[in-house]
2 protein chains.
Amino acid sequence: MVVDLRKVAAASGVSLSTASRALSGSGRVSAATRERVRQVAEDLGYRPNALARGLRTNHSRLIGLVITNLVNASLHVIAEVVHDRLKASGYHLVLCITGDDAGEERAYVETLRDHNVDGVLVVGSDDEAVQSLRETDIPAIHLARRPRRPAGDCVLGADIEGAREATRYLLGLSHQRIAVVAGPPAVTSGYERLAGHRLALDEAGVPYRDDLVFQGPLEPAWGAEAAARMLALPEGRRPTAVLVTNHEAAFGLLPALRERGVRIPGELSVLCYEDADMLRWWDPGITVMDNNAARMGDLAVSLLLDRIVANPGSTGQTPTEYRVGAQLVIRQSCVIAES
Amino acid sequence: MVVDLRKVAAASGVSLSTASRALSGSGRVSAATRERVRQVAEDLGYRPNALARGLRTNHSRLIGLVITNLVNASLHVIAEVVHDRLKASGYHLVLCITGDDAGEERAYVETLRDHNVDGVLVVGSDDEAVQSLRETDIPAIHLARRPRRPAGDCVLGADIEGAREATRYLLGLSHQRIAVVAGPPAVTSGYERLAGHRLALDEAGVPYRDDLVFQGPLEPAWGAEAAARMLALPEGRRPTAVLVTNHEAAFGLLPALRERGVRIPGELSVLCYEDADMLRWWDPGITVMDNNAARMGDLAVSLLLDRIVANPGSTGQTPTEYRVGAQLVIRQSCVIAES
DNA sequence: GCGAATTGTGAGAACGTTTGCGCATCTTCG
DNA sequence: CGAAGATGCGCAAACGTTCTCACAATTCGC
């Protein structure tokens, strides 16, 4: 037995419209009736129908989160932070996992539109998908990845600066031959982290060597492969340190190194971009450049909510780009190179 | 510029209702008009408004997932599986993270009702929360945890049987003193895993010793604490194996053991209930009793969808309880006890 | 104490669908 | 060939809100 506004109105001896005004708080109602209606509504356990309200007002208090997956450590942190922040503002989260499939991403964005979501957060890269958002004036924020043609502000990691600082740290420990396990150049964060690394090398006047850069898909398997390859280098050209540009690759690299009996940090210093539970608990604890995923999620929600409440017609402006700084967390996996 | 059904109807020179019927497929429309309307709808990029449809038909094609958190490894696996299965059936997921707070849980269930979700999956334990679901005939399935008074079928792990088998395995390796890091008795899975352990001991005629049972909150901190306490036992009463009843506790226990220089499995065999990335990559690889979280999520979705399409008035029957079997995954952390 | 401004309330239209009902038109068969 | 059934279509009501408008009742200014 579901009680609607009409019943509340009837029970408080008032018209439908006054009942609505009394509860919504907007519009002119006498204090007395307002209180009475409120009381009746509570007694009857009235709950406004979100669909009807959404249909009328054109906003659903739902926010779509389009995300590639949930298993990746940074991503479920982001999902949880986003959820919590939205909840605090009275919004709810519709979760859309795309598996990095552009088709899925597009389909999801359409469905979210169908459901009249008030805004969308996108962790993904497909360009076409977000295009339809621009058209409909649904505010969108890009998170962690930047499409070539964004539909809204982008919240990204300060990847260049972070990788630069990471490499500086290793250089400061007298490492000269630093390997890099890097992502494919297509993904901006992968490209930028490598660029930052190179920048630091250039500053220090240390030569950039192609044979120390292992560029491939950032998955455990590739991390393991990279480990094998760098150990196969001849004695004098083998790296004394390695910068792994994401934690998935590290998940493969570290066990591979251990299997081969490589001592960390004695024989090889390891620094990983992005933190993860496993890196903290590894033996030895892995020094990381934390990309602050939680802060990125937080900022993205703030921007989205601003856009929603503030100016509905604000799309079309060139979106601004925010960079959340990374942070070096020193553990035990990096040590001064033996000269 | 959003195009609604009226525009489609006008453009195809047909009334609103025929347009609706043509697209929905139900009702009598001539093949010719149907095709024409379909074509026009596609050309115009018509997308039905989910809110309006939901308001009319009373179903939203949204499913609520009420879950305690996402950080726990089993849980984000469940979330992802559930999402994928629902997507395949044309449903979308509204994610509600409760942080194990009964109040939040209740609030969420109410909000989901407001949004006319077609069903709810609950990973949580609050009894009152789900009560309101019974009243409204919204199908609900409980997942991983069983409340005292469930609102629908429960999909649980076969915890007694799993723990029994795990302990049997350790007994088979000639361990006589097996420690258990167990959860609080209030949570059924915690209680049952301990019970299964005890069952196996009884079968084998091995005495159950209170001082080997470390019951507390299943968090890393408690795992570490348990490690400290079991090592503090006098020589002859120290365990030769330990059964950790969830992976969170293991995250604390394992580093604590390593810090103290305990060799695994030489000095202590370790078996953990529930699998996790970190346990696979630990050195040595930790033997686990995998609770098959993914299969639980899968089953729960199947049951929920059945309930939705089949019989709307089927609540009120005593809910049935499904048990998904656990599976022993042998790695390197358990070895025959020295006698 | 009278017109003007202010305040409280209700009637009713919208939001975009789905669907029951009735009316034509077309087939079918004795 | 006429009645009965099938078929294709449109009208209009409903789903549960919000919100504009109009009207009555009250207060205010001079």
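Throughout, a chain's letter reflects where its sequence line sits, starting with A, and its residues are numbered from 1. As the structure is a prediction and not an experimental result, all values here were calculated from the model.
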Handout entry: Residues forming a side chain to side chain contact (heavy atoms under 4.5 Å, CB included) with B/Asp114, sequence neighbours excluded
Key = A/Arg47, A/Ala50
Taking only N/O atoms, report every protein-nucleotides 19-26 of chain C pair under 3.5 Å with atom names and distance.
residue : atom : partner : partner atom : Å
C/dG20  : O6   : B/Arg21 : NH1          : 3.3

Problem - Atom-pair distance (CZ on A/Arg47; C1' on D/dT17), nearest Å - result: 15 Å
Handout entry: Value in whole Å for how far the P atom of C/dT17 lies from CG of B/Leu23
Key = 10 Å
Handout entry: Rounded distance in Å - OH (B/Tyr46) to P (C/dG16)
Key = 10 Å
Problem - For B/Ala107, side chain to side chain contact (heavy atoms under 4.5 Å, CB included) partners two or more places apart - result: none
Problem - ring-ring contact (aromatic ring centres under 6.0 Å, His included) contacts touching residues 24-80 of chain A (sequence neighbours left out) - result: A/His76-B/His76
Practice task
Give me the residues of residues 34-44 of chain A where at least one heavy atom lies under 4.0 Å from an atom of DNA chain D, by number, or none.
Solution key: none
Practice task
Check each residue of residues 3-15 of chain B for a non-hydrogen atom within less than 4.0 Å of any atom in DNA chain D, then write out the ones that pass by number, or none.
Solution key: B/Val14, B/Ser15
Problem - Gap between atoms CG and P, on A/Asn49 and C/dT17 respectively (whole Å) - result: 17 Å
Practice task
Please identify each residue that fulfils side chain to side chain donor-acceptor pair (under 3.5 Å) with B/Thr33, with sequence neighbours left out.
Solution key: B/Ser30
Practice task
Mind checking side chain to side chain donor-acceptor pair (under 3.5 Å) for B/Arg85 and listing every partner two or more places apart, or none if nothing turns up?
Solution key: B/Asp298, B/Ser302
Would you be so kind as to tabulate the donor-acceptor pairs closer than 3.5 Å made by side chains of residues 14-22 of chain A, with sequence neighbours excluded?
residue : atom : partner : partner atom : Å
A/Ser15 : OG   : A/Ser17 : N            : 3.3
A/Ser15 : OG   : A/Ser17 : OG           : 3.1
A/Ser15 : OG   : A/Thr18 : N            : 3.3
A/Ser15 : OG   : A/Thr18 : OG1          : 2.7
A/Thr18 : OG1  : A/Ser15 : N            : 3.3
A/Thr18 : OG1  : A/Ser15 : O            : 3.1

Handout entry: Between P of D/dT17 and CG of A/Leu55, the distance in whole Å
Key = 12 Å
Problem - Sequence-distant partners of B/Pro150, side chain to side chain contact (heavy atoms under 4.5 Å, CB included), two or more places apart - result: B/His142, B/Pro147, B/Cys154, B/Pro319
Exercise for the section: Not counting sequence neighbours, which residues clear side chain to side chain contact (heavy atoms under 4.5 Å, CB included) with B/Ser24? List them please. Expected result: B/Ser26
Problem - Between B/Glu80 and A/Asn69, a side-chain donor and acceptor under 3.5 Å - result: no
Exercise for the section: Quickly work out the B/His115 NE2 to D/dT17 C1' distance and round it to whole Å. Expected result: 14 Å
Practice task
Hey, which sits more toward the 5' end of DNA chain D by its nearest nucleotide, B/Asn58 or B/Thr33?
Solution key: B/Thr33
Exercise for the section: Determine, for A/Glu321 against A/Arg323, whether the closest basic-nitrogen to carboxylate-oxygen distance falls under 4.0 angstrom. Expected result: yes
Handout entry: Set of residues satisfying side chain to side chain donor-acceptor pair (under 3.5 Å) with respect to A/His83, sequence neighbours excluded
Key = B/Tyr108
